[in-house]
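Below is one structure, written out as structure tokens, with a few remarks after it.
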Amino acid sequence: MAERLALNSTLKTDNSKLAIGVFGGTFDPVHLGHLRVAREAFAALGLDKLCWIPAAQPPLRDAPVASAAQRADMLALALCDEPGFTLDRRELERGGASYTVDTLQSLRTERPDAALCRLIGQDQFAGFERWHHWREILDLCHLVVLNRPGAPTTPLPGWASSRVCAEEEWRAQPAGRLVFLTVRPQDISATRIRARLAAGEAVAEWLPPAVNTYIHQHHLYGPPGRD
Ligand code: ATP
């Protein structure tokens, strides 16, 4: 923790804005791949806090397998010893389709001057133009793209090229820049974790221990026939 705080204070300048990270996802379940890239982004960007926001109903994919309450429980267990990381339940409380633009609007209302950084994996960035009101999202936050193994590398569209900035330039503005942050991702996905559990295989190496225990206690994602 001391190391992380020291890094944050080095990167911040006196006139810098409060920098709040936003990490949205299905988190079905949260895994060590999420935690690793989130920790790296938190330190590299010098964020003041990182809000983890589980989606109630992700608009562009199948409904989650675990319930909203279970996914939030697992996130709470994963984040409890992580300074600066907070679980934000606003999408679960709002219900319905979880549009990122709505979430960012509510965060922006609470923090009109903060620099908001929406973290997004490279796989999801490839489909960003399909997101609801995606142009408006860029008016509300910076996008920080995290590399991910196996994610498609597509040519950068014109709107994106003009917004790319170096890692520290975004801080003077509340929104609108695009940062490609190189992290050391692990090749882990929630889909693979669910598939292994459905096959009765162990997944402990990919999960925070408390999340692994929770999954087994609640018989989540297990082989058919167990509930
Ligand atoms: P699923 O396999 O169910 O699609 P997931 O593992 O991709 O799940 P999500 O909850 O969909 O997890 O991801 C939340 C965010 O974290 C997304 O922006 C995603 O791109 C990013 N992400 C997930 N896993 C990794 C990883 N291993 N490395 C880098 N980014 C990741």
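First listed ligand is number 1; within each ligand, the first listed atom is number 1.
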Q: Dump the intermediate steps for side-chain contact (heavy atoms from CB on, under 4.5 Å) on Thr153 and Gln122, then the final yes or no.
A: CA-CA 8 Å; Thr153 44; Gln122 188 187 352; 3.4 Å; yes

Q: Answer with yes or no after comparing the ring centroid distance for Phe85 and Phe23 against a 6.0 Å cut-off, counting only values under it.
A: no

Q: Check whether the ring centres of Phe27 and His34 lie less than 6.0 Å apart, and answer yes or no.
A: yes

**Q.** Contact list for residues 58-69, test side chain to side chain donor-acceptor pair (under 3.5 Å), sequence neighbours left out
**A.** Thr26-Arg61, Ser67-Gln70

Q.
Nearest 0.5 Å, please: how far is CG in Leu138 from CG in Leu143?
A. 5.0 Å

Q. At a non-hydrogen distance cut-off of under 4.0 Å, which region of Asp123 contacts ligand 1 (side chain, backbone, both, or neither)?
A. side chain

Does [X] reach ligand 1, in the sense of a heavy atom lying below 4.0 Å from it?
{"X": "Gly24", "result": "yes"}
{"X": "Arg36", "result": "no"}
{"X": "Thr26", "result": "yes"}

Q: Quick one: closest heavy-atom pair of Met74 and Pro29, and the distance?
A: SD-CB, 3.7 Å

Q: State, to 0.1 Å, how close Arg171 and Ala19 come at their nearest heavy-atom pair, and which atoms those are.
A: NH1-CB, 3.6 Å

Out of [options], whose heavy atom sits nearest [atom]?
{"atom": "atom 28 (N) of ligand 1", "options": "Pro185, Ala195, Ser189, Pro58", "value": "Pro185"}
{"atom": "atom 12 (O) of ligand 1", "options": "His34, Gln124, Arg61", "value": "His34"}
{"atom": "atom 26 (C) of ligand 1", "options": "Arg148, Gln122, Arg192", "value": "Arg148"}

Q: Answer yes when Arg90 and Asp102 have at least one side-chain N-carboxylate O distance shorter than 4.0 Å, and no when they do not.
A: no

Does any N or O of ligand 1 fall below 3.5 Å from an N or O anywhere on [X], backbone included?
{"X": "Arg194", "value": "yes"}
{"X": "Asn147", "value": "no"}
{"X": "His31", "value": "yes"}
{"X": "Gly25", "value": "no"}
{"X": "Leu146", "value": "no"}

Q) Arg148 and Ser189: side-chain donor and acceptor closer than 3.5 Å? A) no

Nearest-contact summary for [atom] - protein heavy atom, Å:
{"atom": "atom 15 (C) of ligand 1", "result": "Phe23 CE1, 3.5 Å"}
{"atom": "atom 8 (O) of ligand 1", "result": "Ala190 CB, 3.4 Å"}
{"atom": "atom 2 (O) of ligand 1", "result": "Thr191 OG1, 2.5 Å"}
{"atom": "atom 18 (O) of ligand 1", "result": "Gly121 N, 2.9 Å"}

Q) What are the atoms of ligand 1, with element, lying closer than 4.0 Å to any heavy atom of Gln186? A) 26 (C), 27 (N)

(Q) Are there over 12 heavy-atom neighbours, none belonging to Asp81, within less than 6.0 Å of that residue's CG? (A) no

Q | Full working for side-chain contact (heavy atoms from CB on, under 4.5 Å) between Leu35 and Leu79 | A | CA-CA 9 Å; Leu35 282 165; Leu79 304 184; 4.1 Å; yes

